[in-house]
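Here the structure comes first, spelled out in structure tokens, and everything after it is commentary.
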Amino acid sequence: MRFRVSHPQLFRRIVKQSAFITCHSEYRYAAIMSQVCRLLVIIIVIAAIVSTGCTQPGTPRQQAGDREQNPPPAQVSANLQRMADTAIREAGIPGMQIEIATPQWTWDSAAGNASPITGEPARPGMRFLIASVSKTFTSVAVQKLAEDGKLSLDDPVGSYLPADLVERIPNGRIITVRELLDHTSGIADYDESAIILQEYQHPDIPVPYQTGLLQGIRASPLYPPGTNYTYSNVNYILLTLIVDNASGVPYEDYVTRTILIPAGLNDTFFEHTNHIPGPHMSATMPGENGTYMDFTDLYVLFDRGAGDLVSTTADLNKFHRALREGRLISNASLADMEKPTPQSRGAGYGLGYATAFNAASNMTVQGHTGGYPGSYTFWYYLPEKDTYLTYNLNSAGSSLENLRTIQTEILTCLKNGTATEPQPAPAE
């Protein structure tokens with residue numbers, strides 16, 4: 001049973017917390033520790049890899065996203081599953097999907113329940129809303145059009161948008177395509193909590209993307225283009241209109257033809273209805289008196305190009321490998337995506353992709369995060385280990401302190417291939 005909203009302030013606090021994950025890279029440790037540590041606790045599961053060794057020498061290289069090829073040794077898999085089940089239970093998170101693909105093996109698994117309401121078990125391969133990880137797909141589509149000579153990243157957006165829309169966008173004549181991609185346009189975001197609340201209360205009436213687009217335009221400009229950084233979903237809605245124009249086909253068709261099909265992403269598609277077909281993870285948040293707020297069946301038409309894809313952990317790792325191996329765009333275009341803008345500072349944000357150096361573990365981390373209420377996706381590549389990691393949590397659970405220490409420990413273990421002994425609890 002869907003939990004109806006009787007306390008809008010509670011709802012808005014939940015949505016704002018989710019939006020923070022959607023709109024910020026995990027690499028901004030200080031902000032993340034204070035606002036989303038309880039959502040990430042489950043990644044302690046990953047430390048199980050290194051407790052039995054992160055790598056297995058002598059095993060042939062395998063492809064990310066292939067569950068049937070080169071699974072980890074039986075003991076590694078058993079230890080990982082035991083750790084996952086325990087971590088889910090102790091954190092109060094109903095369930096998760098996770099895939100870790102090292103050069104030697106891929107572990108694709110699930111833990112807990114797909115839905116805390118029905119009690120359906122989580123099973124490997126279940127689909128979920130990937131939220132803002134969708135932005136990397138949009139960026140790749142734009143890079144592809146640039147490579148084909150159909151647009152330039154440094155062109156003003158007015159070259160590809162309707163004239164009446166450009167007139168309504170403050171600084172619309174000078175904002176460039178690149179400034180939309182890297183969130184330096186000065187265009188404000190829409191009110192996500194208000195839109196999701198509207199859809200939650202009226203689940204059969206989709207909110208069109210034009211609603212959020214116009215909200216962001218009316219709240220702009222935040223600053224002159226190129227002078228600062230503000231993560232805004234409206235930037236990526238505008239990019240879909242540019243893809244429509246430059247490609248000559250709808251954005252959704254272009255992404256399907258040039259990314260989803262070539263990369264073999266058979267479980268990735270645009271979620272433009274209010275139901276995810278096939279086995280999937282729910283998106284729930286704790287309500288009151290043991291009830292749950294169920295966000296699984298919301299339309300996400302409002303987030304066109306910014307958060308409207310459904311996928312699986314295997315498909316997302318497969319996409320990441322195809323991107324990094326030059327099978328979707330050139331290495332030069334990927335390098336442009338990877339390069340953080342000075343304006344983004346600690347976010348390390350480039351063109352729909354983040355790159356940062358974690359000094360504590362001496363590792364570079366790359367990727368994107370995404371979050372809607374009850375669905376949190378984390379999508380990473382660790383270049384020093386050539387390892388791909390994707391996981392999704394289907395709710396927020398209880399929190400643990402010192403997330404920064406835990407995350408650093410995980411990265412350190414993945415780097416060194418050894419487990420760090422747990423420290424004893426301080427005496428009271």
Exercise. What pairs of residues pass the ring-ring contact (aromatic ring centres under 6.0 Å, His included) test when at least one of them lies in residues 124-178, not counting sequence neighbours?
Worked result: F137-F319

Exercise. Are H280 and H275 close enough that their ring centres sit under 6.0 Å apart?
Worked result: yes

Seminar exercise, completed: Closest non-hydrogen atoms of T138 and G305, given as atom of the first, atom of the second and distance, are OG1-O, 2.7 Å

Exercise. Any luck finding a side-chain donor-acceptor pair between S185 and N235 under 3.5 Å?
Worked result: yes

Exercise. Judged by modelled atom types alone, do Y292 and S115 share a side-chain donor-acceptor pair under 3.5 Å?
Worked result: no

Exercise. Taking NZ, NE, NH1 and NH2 as the nitrogens, is one of them in E338 or R324 under 4.0 Å from a carboxylate oxygen of the other?
Worked result: yes

For this session: Could you pull out all residues at least two apart from N228 that satisfy side chain to side chain donor-acceptor pair (under 3.5 Å)?
Result: R345

Problem set entry | Spacing of CZ belonging to R168 relative to CG belonging to L161, to within rounding of 0.5 Å | 13.0 Å

For this session: Using a 4.5 Å cut-off on heavy atoms from C-beta on, say whether the side chain of F302 contacts that of R304.
Result: no

For this session: Using atom types as modelled and distance alone, determine if a side-chain donor or acceptor of E147 lies under 3.5 Å from a backbone N or O of S330.
Result: yes

Problem set entry | Heavy-atom neighbours of D253 CG exceed 12 at 6.0 Å | yes

For this session: Sort out for me which residue in T377, T268, L309, L265 forms a side chain to side chain contact (heavy atoms under 4.5 Å, CB included) with L316.
Result: T377

Exercise. Are D191 and S193 linked by a side-chain donor-acceptor pair shorter than 3.5 Å?
Worked result: yes

Problem set entry | From S247 atom OG to Y254 atom OH, the distance as rounded to the nearest 0.5 Å | 6.5 Å

For this session: Report the distance from atom CE of M281 to atom OG1 of T312, rounding to the nearest 0.5 Å.
Result: 12.0 Å

Exercise. Would you say the side-chain atoms of Y190 and D303 include a donor-acceptor pair closer than 3.5 Å?
Worked result: yes

Exercise. Out of curiosity, K144 NZ to I329 CD1, how far, rounded to the nearest 0.5 Å?
Worked result: 9.5 Å

Problem set entry | V234 versus D189, closest heavy-atom pair with distance | N-OD1, 3.8 Å

Problem set entry | Proximity of Y381 and Y388 rings by center, below 6.0 Å | yes

Exercise. Taking C-beta and beyond as the side chain, do V142 and L351 meet within less than 4.5 Å on heavy atoms?
Worked result: no

Problem set entry | T296 versus D294, closest heavy-atom pair with distance | OG1-OD1, 2.6 Å

Exercise. Taking it one step at a time, do Q366 and T355 satisfy side chain to side chain contact (heavy atoms under 4.5 Å, CB included)?
Worked result: CA-CA 5 Å; Q366 299 177 292; T355 299; 3.2 Å; yes

Exercise. In terms of side-chain heavy atoms, does T184 have a donor or acceptor partner in D182 at a distance below 3.5 Å?
Worked result: yes

Exercise. Taking NZ, NE, NH1 and NH2 as the nitrogens, is one of them in R127 or D315 under 4.0 Å from a carboxylate oxygen of the other?
Worked result: no

Exercise. Is it true that a side-chain atom of T136 and a backbone atom of G352 form a donor plus acceptor pair closer than 3.5 Å?
Worked result: yes

For this session: Provide the closest heavy-atom pair for A246 versus K150 in the form atom of the first, atom of the second, distance.
Result: O-CD, 3.6 Å

For this session: Tell me whether the centres of the aromatic rings in H202 and Y299 are closer together than 6.0 Å.
Result: no

Exercise. Looking only at heavy atoms, what is the nearest atom pair of L328 and P262, with distance?
Worked result: CD2-CB, 4.4 Å

For this session: Check whether any side-chain N or O of S344 sits under 3.5 Å from a backbone N or O of T341 as a donor-acceptor pair, and report yes or no.
Result: yes

Exercise. Once you round to the nearest 0.5 Å, how far does CG of L238 lie from CG of N233?
Worked result: 11.5 Å

Exercise. Does the side chain of T176 come within less than 4.5 Å of L153's, by heavy atoms?
Worked result: no

Exercise. How about I98 and W107: do any of their side-chain heavy atoms sit closer than 4.5 Å?
Worked result: yes

Exercise. Would you say Y236's side chain and L181's backbone share a donor-acceptor pair under 3.5 angstrom?
Worked result: yes

Exercise. For residues T313 and D108, is any side-chain donor paired with an opposing acceptor at under 3.5 Å?
Worked result: yes

Exercise. Roughly how far, to the nearest 0.5 Å, is CD1 of I237 from CD1 of I242?
Worked result: 12.5 Å

For this session: Just say parallel, tilted or perpendicular for the rings of W379 and H320, cut-offs at 30° and 60°.
Result: parallel

Exercise. For residues Q143 and S139, is any side-chain donor paired with an opposing acceptor at under 3.5 Å?
Worked result: yes

Exercise. Going by atom types alone, do Y223 and T230 pair a side-chain donor with an acceptor below 3.5 Å?
Worked result: yes

Exercise. Would you say the side-chain atoms of E199 pair up with the backbone N or O of P206, donor to acceptor, closer than 3.5 Å?
Worked result: no

For this session: Indicate yes or no: at least one non-hydrogen side-chain atom of L241 is less than 4.5 angstrom from one of L213.
Result: yes

For this session: For residues I117 and S282, determine if any side-chain heavy atom of one lies less than 4.5 Å from a side-chain heavy atom of the other.
Result: no

For this session: Could you tell me which non-hydrogen atom of A131 sits nearest to which non-hydrogen atom of G370, and how far apart they are?
Result: CB-C, 3.6 Å

